[in-house]
Protein chains: 2
Amino acid sequence: MSLATASRVLNGSSRTVADSYRERVENAAAELGYTANISAQATAKGTSSTIALLVADIADPYFGIIAAGVMRGADEAGLVVTISVTERDDERELRLVRALRGQRPRGVIFAASRTTEVPSGGLQRELDAVISAGGQVVALGPGITSARSILIDNRGGARALGEALKQNGYDAAVVLGAPEGTYTSDERIAGFIEGFGEAGQVAVLRDGLTRVAGERAMARALGDGVPRGTVVFAVTDVVALGALTALRNAGRAVGSDIALAGFDDIPASRDVTPALTSVRIPLEDIGYAAFRAAVDDEWSAPEPMALEVRLRASTPRRSGG
Amino acid sequence: MSLATASRVLNGSSRTVADSYRERVENAAAELGYTANISAQATAKGTSSTIALLVADIADPYFGIIAAGVMRGADEAGLVVTISVTERDDERELRLVRALRGQRPRGVIFAASRTTEVPSGGLQRELDAVISAGGQVVALGPGITSARSILIDNRGGARALGEALKQNGYDAAVVLGAPEGTYTSDERIAGFIEGFGEAGQVAVLRDGLTRVAGERAMARALGDGVPRGTVVFAVTDVVALGALTALRNAGRAVGSDIALAGFDDIPASRDVTPALTSVRIPLEDIGYAAFRAAVDDEWSAPEPMALEVRLRASTPRRSGG
DNA sequence: TTGTAAGCGTTATCAG
DNA sequence: CTGATAACGCTTACAA
């Protein structure tokens with residue numbers, strides 16, 4: 001029989017094939033362990049079955065959980081996901097996207113924390129190229145206008161956290177954030193200040209969004225002197241974990257002496273002692289939503305994902321006020 | 001000029017091209033934002049530029065860090081890595097490998113904790129197919145004979161841990177492991193018993209290798225009664241973290257009352273209080289080694305990776321003995 | 001060094 | 001419903 005008929009039964013073509021043929025083809029395929037070559041399919045169809053995911057660091061559970069959500073969607077849809085690591089380096093990111101374009105991906109998802117600024121001219125050109133090749137661009141957070149954006153209410157979540165802490169009796173705060181211009185960090189800091197009180201009791205320290213940066217920043221703050229009863233807000237749980245280490249090294253008791261709160265609510269934040277106050281983000285759902293945005297024909301921007309403050313032992317209620 | 005010359009300059013062909021042509025091609029490519037279609041390249045060359053990585057759970061930092069190592073290698077070599085999640089389900093794994101074969105991957109890396117048993121007939125057939133399509137199969141741990149194996153001295157590490165704990169004055173232990181047949185778990189349990197003493201002071205409880213399984217198993221053990229001064233050895237840090245939760249819920253003081261040790265030394269184990277005793281595995285290096293095994297022409301099995309016991313506050317030295 | 005043309009494994013169009 | 005056959009975008013002998 002002809003190649004054409006075989007092809008028709010093996011890929012889910014709409015055309016129907018007589019059962020006798022269909023059966024013969026299926027048996028033969030099974031016997032020979034035949035699997036369609038997806039590269040060839042891609043060249044023939046002119047459209048690949050790949051979703052490209054960009055993360056800052058795959059070893060970071062924050063991105064790992066998002067990736068899990070993306071991959072759940074891809075699995076359901078029979079698509080393949082390739083992952084690349086930007087290391088939070090814009091130039092590297094640009095190179096990666098250019099290389100990724102060679103895959104003619106169905107979609108590219110930016111999960112890496114990008115900066116507030118619009119993409120550089122170079123990046124924008126690459127994104128346009130992705131789109132004109134038929135791919136969807138998806139971003140977590142705004143900033144990329146040519147992308148479908150999954151929005152997270154960072155500001156609202158941080159505001160709620162600030163309010164809750166204020167109500168728990170705290171009146172002075174140190175914020176550990178990223179350098180100005182990092183969108184997520186900026187939003188969280190702004191929201192926190194709104195909620196905690198514009199009175200000006202808030203000192204902001206800026207460093208990276210990694211564990212070691214958190215440790216470093218906290219140590220620096222301690223060097224400058226942090227009075228008892230202050231609450232430290234790290235814009236990320238990972239940063240908070242670093243701060244926790246610095247506080248311990250300095251012999252400060254977290255909770256009773258200095259309070260500590262993070263953001264993201266990654267699993268590790270529940271394991272530390274005292275358990276870390278944080279703001280829960282539905283990361284897995286976000287990954288899944290990003291996948292849908294990458295593949296759905298019809299799509300309308302969903303409501304920003306709601307966040308939830310989780311008060312834990314690291315920020316006990318202050319008796320004195 | 002001809003397509004052929006263009007092709008020769010764009011892909012790193014060995015053939016040389018006159019500089020005037022080369023320049024013209026490069027300029028044109030840059031101007032048009034042209035990027036070679038790697039699917040088409042793959043069909044033409046008959047060999048793809050993909051490495052397929054299989055992990056049990058990408059949200060688990062253990063696998064995340066391994067993935068980071070694999071991706072570092074792939075990045076250096078200009079290869080793409082696709083990740084799939086087995087969820088520790090053999091049937092699912094089989095389906096995944098079959099689907100992955102369609103990519104004609106240059107290599108497939110099994111990082112997912114596999115069982116002791118040889119692969120099922122079905123899986124073995126798929127692996128043979130991968131190999132006869134020119135792909136390398138790489139496995140973390142033994143069991144897959146047709147694969148290049150990256151070996152970890154789980155047994156030796158666990159033995160060293162057992163010895164160290166014994167010397168610290170412990171003489172009764174509870175082990176939290178996976179069901180019999182899970183290779184890594186079995187090795188670690190056996191090693192621990194060798195080191196801690198064959199006297200028979202060791203009770204083994206078996207459940208899954210997840211956090212919730214650890215919590216469940218520990219709760220069960222506590223229900224049966226665990227005397228003061230016992231050390232609990234969880235075959236995985238993730239399991240130990242679950243156990244830690246159960247111990248806290250039961251009001252038992254970790255360290256002074258019951259000691260706790262894990263394995264893998266994931267970052268989270270240093271953040272908990274008391275810090276968790278564990279056995280360090282160079283996960284990132286292992287990922288990188290797995291990548292090399294997948295792509296190098298010449299390869300000889302390296303020495304098993306050496307592990308290192310990290311004694312921390314969760315297993316203090318017992319004064320009484 | 002460059003061009004021509006065959007071929008890679010599929011899919012899709014268009015007649016039978 | 002089935003079968004030729006021309007694409008798909010690229011590589012690579014083989015000639016020129």
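Lettering follows sequence order; numbering is per chain, from 1. Reckoned from all heavy atoms, side chains included, excluding hydrogens, waters and symmetry mates.
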At under 4.0 Å between heavy atoms, what does [X] touch on the DNA or RNA strands: base, sugar-phosphate, or nothing?
X	value
A/Thr5	sugar-phosphate
A/Thr35	sugar-phosphate
B/Ala42	nothing

Picking from [options], which would you name as closest to the side chain of [X]?
X	options	answer
B/Arg104	C/dT10, C/dT2, D/dC10	C/dT10
B/Ala18	C/dT1, D/dT11, D/dG3	C/dT1
B/Tyr21	D/dG3, C/dG3, D/dT11	C/dG3
B/Val17	C/dT2, D/dG9, C/dT11	C/dT2
A/Ser2	C/dT10, D/dT12, D/dA4	D/dA4
A/Gln41	C/dG3, C/dT10, C/dC8	C/dT10
A/Arg8	D/dT12, D/dC1, D/dG3	D/dG3
A/Ala44	C/dT11, D/dT12, D/dG9	C/dT11

Over 12 foreign heavy atoms within 6.0 Å of [atom1], [X]:
X	atom1	result
A/Glu31	CD	no
A/Arg292	CZ	yes
A/Glu23	CD	no

Please give, in whole Å, the distance from [N] [atom2] to [X] [atom1]?
X	N	atom1	atom2	value
B/Asn37	C/dC8	CG	P	18 Å
B/Leu32	D/dG9	CG	P	14 Å
A/Leu3	C/dC14	CG	P	20 Å
B/Leu10	D/dT11	CG	P	8 Å
B/Lys45	C/dG9	NZ	C1'	17 Å
B/Glu23	C/dT1	CD	P	17 Å

No-H, no-angle donor-acceptor pair, A/Ser39 side chain to C/dG9 base, under 3.5 Å: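 Under the 3.5 Å cut-off, the side chain and the base do not form any donor-acceptor pair.
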Distance below 4.0 Å between B/Thr43 side-chain N/O and D/dC10 OP1 or OP2: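 For D/dC10, neither OP1 nor OP2 has a side-chain N or O of B/Thr43 closer than 4.0 Å.
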side-chain contact (heavy atoms from CB on, under 4.5 Å) partner of A/Leu54, the single match among A/Thr82, A/Val108, A/Ile83, A/Val85: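 Exactly one candidate clears the test, A/Val108.
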Salt bridge flag under 4.0 Å for residues B/Asp75 and A/Arg92: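 Yes, this pair counts.
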Residue met sooner reading DNA chain C from 5', once B/Gly46 and B/Ser20 are mapped to nucleotides: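 That would be B/Ser20.
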